[in-house]
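What you see is a predicted model; the values in this text were computed from it and never measured. First the proteins, then the strands, lettered A, B, ... as listed; each starts at 1.
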Number of protein chains: 2
Amino acid sequence: MGVTIKDIAKHAGVSYSTVSKALRDSPLVKKPTKIKIMKIAEELGYQPNVAARSLVQKKSYTIGVVWPSVERIAPSILITKINDLLEEKSYTTLLSINKVESAIATFNRFQVDAILVFGENKSVLSDSSIQTTVPILYYGLKENSTYPTIDVNRRKAIKLAVNYLQEIGHKKIAFIGDLSDVDPLQKEKAIGFFEAMNVKQASELPDLVIPTNGLEVHDGYHAAKTLLSNNTDITAIISGSYDLTRGILRATSELALYVPKDLSIISYDNIPQSDNLEVTLSTVGVPVTRIAKQINEALLSIIEGNDIQDSIILDPELNIANSCAPFGWYD
Amino acid sequence: MGVTIKDIAKHAGVSYSTVSKALRDSPLVKKPTKIKIMKIAEELGYQPNVAARSLVQKKSYTIGVVWPSVERIAPSILITKINDLLEEKSYTTLLSINKVESAIATFNRFQVDAILVFGENKSVLSDSSIQTTVPILYYGLKENSTYPTIDVNRRKAIKLAVNYLQEIGHKKIAFIGDLSDVDPLQKEKAIGFFEAMNVKQASELPDLVIPTNGLEVHDGYHAAKTLLSNNTDITAIISGSYDLTRGILRATSELALYVPKDLSIISYDNIPQSDNLEVTLSTVGVPVTRIAKQINEALLSIIEGNDIQDSIILDPELNIANSCAPFGWYD
DNA sequence: TTGTAAGCGTTATCAC
DNA sequence: GTGATAACGCTTACAA
């Protein structure tokens with residue numbers, strides 16, 4: 001089995017409490033002793049036993065992340081970022097891909113210091129079904145939950161985009177995105193578009209709203225093909241995601257349409273762009289780094305026992321770049 | 001803080017050791033007492049403390065999964081399956097997205113019962129850099145590791161496909177896949193193709209090997225477009241992944257080529273197909289369910305302390321369906 | 001500056 | 001059948 005502080009104590013010829021202090025870098029231990037002990041610990045390949053430590057400290061320096069759908073690529077970048085941030089504060093993140101209730105139960109048994117839940121179909125889940133003594137933070141749509149929640153204002157993001165395009169003179173603005181009911185996060189974006197266009201639903205803008213059945217590149221490609229073959233007078237497109245936008249750009253280049261000369265594009269996006277597309281994209285959204293930072297702070301705060309705001313809705317930002325030009329600019 | 005067995009003991013008016021036995025459903029406790037205790041535990045929302053239990057039992061009923069690249073969608077289905085299988089045996093899986101070394105260190109501190117590592121750029125990693133007392137199982141390419149490894153024979157899979165197509169008379173067989181050096185798993189597939197075609201490298205089959213720079217749908221789409229516009233005499237394609245195949249099918253339908261009349265397709269694939277494509281695909285590969293089952297068994301086995309085979313390479317299977325027809329069948 | 005001892009929540013081994 | 005009690009590996013007063 002594993003090496004314990006008692007083993008180290010024997011080797012070093014000191015008591016095991018001294019070892020404990022030395023390893024925790026306590027000022028109560030003389031430098032030379034400390035160094036000697038550290039060295040022996042290293043040699044023996046000592047790994048502190050979390051179980052024992054968290055038993056006495058009632059703290060495990062661990063954050064449990066509930067991530068029911070490993071399949072989804074979107075939040076994975078966010079998780080990675082959060083993980084890095086927490087690591088700096090010497091916290092470890094552990095993920096569970098189980099159903100929310102059982103994941104929370106597991107993390108309670110493990111006495112993690114806080115739980116971060118990536119909400120998805122939270123609709124099914126009511127707070128009453130959750131048993132926890134560990135503080136919980138949600139990321140995603142705030143619905144029937146009383147737990148603190150951090151979310152991105154997707155609706156406002158799309159509105160920002162529409163308004164900007166209108167300001168620079170565009171009249172025929174289209175939206176390409178996922179309108180299916182299954183994903184409330186996507187739906188928010190569509191609602192933002194409707195609101196900005198002063199309509200109630202997609203049917204009032206038959207030619208301008210192109211629903212996709214997913215968020216992949218080819219969904220965007222085909223939506224754009226449909227849109228642009230039928231409607232030659234569209235001058236601007238708002239895209240629901242980065243991948244959709246990549247598809248849209250593919251379509252425009254095949255149709256020999258030039259961005260932004262023939263068409264302005266603003267893409268919803270949280271992720272920093274790595275690909276080098278033909279144009280630098282204009283985007284709206286909250287950058288992952290900011291989301292991660294907020295979540296990180298909130299997490300550390302609730303661990304300290306501080307109450308945080310019930311609900312933090314992050315404001316999106318508009319970043320205008322080459323893919324966008326005023327209407328008529330090239331005439 | 002959490003409810004402990006002592007709290008339950010007080011409420012039930014018994015000693016806490018009786019509570020412990022009752023909760024573990026020991027035959028040493030009378031039925032009525034047991035029921036009473038269970039009920040109180042339920043009411044109080046008791047959650048057993050893993051730290052305390054694993055401290056005395058030296059077992060946490062937990063498997064640590066090292067998954068450095070949350071970004072990749074491919075193995076996520078596999079992880080979900082493994083998770084389900086282990087749950088049946090009342091094991092919990094916890095994932096870490098940290099670097100392999102530190103993830104392993106973390107899991108050692110948590111005293112998990114076994115560690116499953118999803119190997120990727122294992123190249124960098126030598127066994128000597130790993131400190132562990134917990135048994136480790138690798139999934140992925142076996143390279144310089146002495147730990148037991150489970151892997152899929154991708155090379156053989158593609159060979160099977162080539163041989164089958166040759167048997168049914170195809171001469172001009174093309175391969176669409178990712179040849180970049182970064183992903184050794186993909187490279188294996190290409191090597192399988194080369195070997196089956198009796199060549200050493202791609203350059204010997206200039207028109208038949210179409211490298212993609214990824215495994216997404218649109219990569220397949222564009223590769224197929226390139227391939228089929230230049231080479232009208234190709235009669236069969238082997239695709240390196242399911243998504244690539246979807247793209248290929250999109251391309252063929254745009255080019256008014258009919259599968260399998262004008263073109264036979266066999267797709268590498270581990271994942272059970274959910275989409276309903278125009279044709280039912282012929283596939284080669286090891287189904288995820290089988291991979292998951294093997295990993296599950298191996299894991300349980302090494303937990304018991306049984307040595308398992310150093311290396312288990314799973315044999316792919318060929319499933320021929322509508323997307324494949326003998327050469328000349330429709331003439 | 002170092003050692004001793006109590007206690008964290010649980011299981012397991014005894015006695016009763 | 002049930003109840004004390006030791007032990008798991010560690011941290012932390014407190015004693016030396």
Side-chain angles (χ1 to χ4, degrees), chain A residues 1-38 40-41 44-62 90 105-113 133-134, chain B residues 1-38 40-41 44-62 90 107-113 133-134:
Chain A
M1 321 267 110
V3 184
T4 74
I5 49 172
K6 289 188 182 172
D7 299 324
I8 301 175
K10 252 180 232 149
H11 281 252
V14 296
S15 82
Y16 66 86
S17 78
T18 305
V19 174
S20 171
K21 284 171 203 150
L23 292 175
R24 316 230 76 228
D25 201 23
S26 155
L28 299 174
V29 179
K30 260 207 298 198
K31 259 260 174 65
T33 344
K34 222 185 259 183
I35 293 174
K36 190 169 86 184
I37 290 173
M38 296 282 212
I40 296 176
L44 264 43
Y46 170 75
Q47 295 278 17
N49 183 326
V50 182
R53 171 182 293 176
S54 71
L55 202 53
V56 33
Q57 287 199 154
K58 288 172 166 293
K59 197 156 162 29
S60 56
Y61 289 94
T62 305
S90 70
T106 301
F107 286 136
N108 267 273
R109 288 195 293 270
F110 272 89
Q111 306 264 92
V112 300
D113 299 334
T133 57
V134 176
Chain B
M1 325 261 108
V3 183
T4 75
I5 48 172
K6 291 188 182 170
D7 298 324
I8 300 174
K10 255 180 230 149
H11 280 254
V14 295
S15 81
Y16 68 86
S17 76
T18 304
V19 173
S20 172
K21 284 170 205 152
L23 292 175
R24 316 230 80 229
D25 201 23
S26 153
L28 299 174
V29 179
K30 258 204 303 195
K31 259 261 173 64
T33 343
K34 220 183 263 182
I35 293 174
K36 191 170 84 185
I37 291 172
M38 297 281 213
I40 295 176
L44 264 42
Y46 170 74
Q47 294 277 20
N49 184 325
V50 183
R53 172 182 293 173
S54 71
L55 199 54
V56 33
Q57 286 198 154
K58 289 173 165 290
K59 197 160 164 22
S60 57
Y61 289 95
T62 306
S90 70
F107 286 135
N108 268 272
R109 287 195 293 271
F110 272 90
Q111 304 265 91
V112 299
D113 299 333
T133 58
V134 176

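When rounded to the nearest whole Å, the span between CG of A:Asn49 and C1' of D:dG9 equals 6 Å. One atom, CD of B:Gln111, and another, C1' of C:dT10, lie 15 Å apart when rounded to the nearest Å. One interatomic measurement links the two molecules: NZ of B:Lys21 to P of C:dC16, which rounds to 15 Å at whole-angstrom precision.
The shortest non-hydrogen separation linking A:Val14 to A:Thr33 is CG1-CG2, 4.3 Å. Closest of all the heavy-atom pairs between A:Asn49 and A:Ala51 is OD1-N, 2.8 Å. For the residue pair A:Asp113 and A:Tyr61, the shortest heavy atom distance occurs at OD2-N, 2.7 Å.
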Carefully, step by step, assess B:Leu23 and B:Ile8 under the rule side-chain contact (heavy atoms from CB on, under 4.5 Å).
CA-CA 11 Å; B:Leu23 292 175; B:Ile8 300 174; 4.3 Å; yes
Pairwise N/O distances under 3.5 Å, protein to nucleotides 6-8 of chain D:
residue	atom	partner	partner atom	Å
D:dC8	O2	B:Val56	N	3.3

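OP1 or OP2 of C:dG3 has at least one side-chain nitrogen or oxygen of A:Thr18 nearer than 4.0 Å. The shortest distance between the side-chain N/O atoms of B:Ser20 and the OP1/OP2 oxygens of C:dT11 is below 4.0 Å. OP1 or OP2 of D:dC10 sits under 4.0 Å from a side-chain N or O of A:Tyr46.
Direction change of the helix axis from one end of the helix from C:dT1-D:dA16 to C:dC16-D:dG1 to the other is 50°, with five pairs defining each end axis (rounded to 10°).
Taking every heavy atom of residues 22-34 of chain A and every atom of DNA chain D, pairs under 4.0 Å involve A:Arg24, by number. Contacts of residues 7-14 of chain B with DNA chain C (heavy atom under 4.0 Å): none.
Looking at the side chain of B:Ser17, the nearest of the listed nucleotides D:dT5, D:dA13, D:dC10 is D:dT5. Closest to the side chain of B:Ile5, out of C:dT4, C:dA12, C:dT10, is C:dT10.
Checked against salt bridge (charged side-chain N to carboxylate O under 4.0 Å, His left out), B:Lys30 has no partners two or more places apart in sequence or in another chain. Considering only residues two or more places apart in sequence or on other chains, B:Lys34 meets the salt bridge (charged side-chain N to carboxylate O under 4.0 Å, His left out) condition with B:Asp25.
In this structure, the separation between CZ on B:Arg53 and OG on B:Ser20 is 8.5 Å, given to the nearest 0.5 Å. Considering CD1 of A:Ile5 and OH of A:Tyr46, their distance stands at 5.5 Å, rounded to 0.5 Å.
In this structure a side-chain-to-backbone donor-acceptor pair under 3.5 Å is present from A:Ser60 to A:Gln111.
Few gaps surround NZ on B:Lys59; more than 12 heavy atoms of other groups in view lie less than 6.0 Å from it.
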